[in-house]
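Worksheet for the structure shown next.
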Amino acid sequence: MISEFRSFIARGNVIDLAVGIIIGGAFTGIVNSLVNDVVMPVVGVIIGGFDFSNYFIPLNDRVTAATLEAAKAQGAVFAYGKFLTVVLNFLILAWIIFLMVKAVNRIRAMDDKKSAEAAPAAPPPADVQLLTEIRDLLKSR
């Protein structure tokens, strides 16, 4: 059982997955900072300085607070602003990943084109060469 476990862990897919999760965790911090510190303030200025995170609807009469955290302490609230923020964060993250994949695909296409230009054309298989020679001989007669 230990040797099976060792071979399972040593597989390339498991290691690649672990590296991807670690990189994804680090990338999450970058994207969160981009969204919260760069994009959301700009969006707030464009729409008039509003902060989505404090948008809520009180679900009872006891909630009178102006901020979401204070309102939650007073009672139940429908915090749609936080949901809008999360949806916007997701869309921004999806757009960034789309642009990254597009850039990587463009780089790969350039590399494939360079390697295709650099590689000489492979000779046809022997049977095709033989048939070509027979055809050429029959044409010349």
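Computation of the quantities below employed the complete heavy-atom set of this structure, encompassing side-chain atoms and omitting hydrogens, waters and symmetry-equivalent molecules. When a residue number appears, it is its place in the shown sequence, counting from 1.
- Pairs of residues two or more places apart, or lying in two chains, that qualify as ring-ring contact (aromatic ring centres under 6.0 Å, His included) and include a residue from residues 93-113 are Trp95-Phe98.
- Both Val101 and Phe27 belong to a single network of hydrophobic side chains, linked directly or stepwise wherever heavy atoms of I, L, V, M, F, W or Y lie under 4.5 Å apart.
- Rounded to the nearest 0.5 Å, atoms OH (Tyr80) and CZ (Phe56) are 9.0 Å apart.
- Under a 4.5 Å side-chain heavy-atom criterion applied to ILVMFWY residues, the cluster that includes Phe90 comprises Phe83, Val87, Leu91 as well.
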Less than 3.5 Å apart, which donor and acceptor atoms pair up between the side chains of residues 66-75 and the rest of the protein, not counting sequence neighbours?
unit_1: Thr67; atom_1: OG1; unit_2: Ala70; atom_2: N; d: 3.4
unit_1: Gln74; atom_1: OE1; unit_2: Thr64; atom_2: N; d: 2.6
unit_1: Gln74; atom_1: OE1; unit_2: Ala65; atom_2: N; d: 3.0

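- Between Val19 and the choices Leu17, Ile22, Ile23, Ile21, the side-chain contact (heavy atoms from CB on, under 4.5 Å) rule is met once, by Ile23.
- Taking hydrophobic clusters as Ile, Leu, Val, Met, Phe, Trp and Tyr residues chained together by side-chain heavy-atom distances below 4.5 Å, Val77 does not share a cluster with Ile57.
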Distance-only criterion, 3.5 Å: show the donor-acceptor pairs between side-chain atoms of residues 124-139 and protein atoms not counting sequence neighbours.
unit_1: Thr132; atom_1: OG1; unit_2: Val128; atom_2: O; d: 2.7

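- In this structure, Val104 stands alone, with no Ile, Leu, Val, Met, Phe, Trp or Tyr side-chain heavy atom under 4.5 Å from its own, directly or through other members.
- Every residue two or more places apart in sequence or in another chain was checked for a side chain to side chain donor-acceptor pair (under 3.5 Å) with Asn105, and none qualifies.
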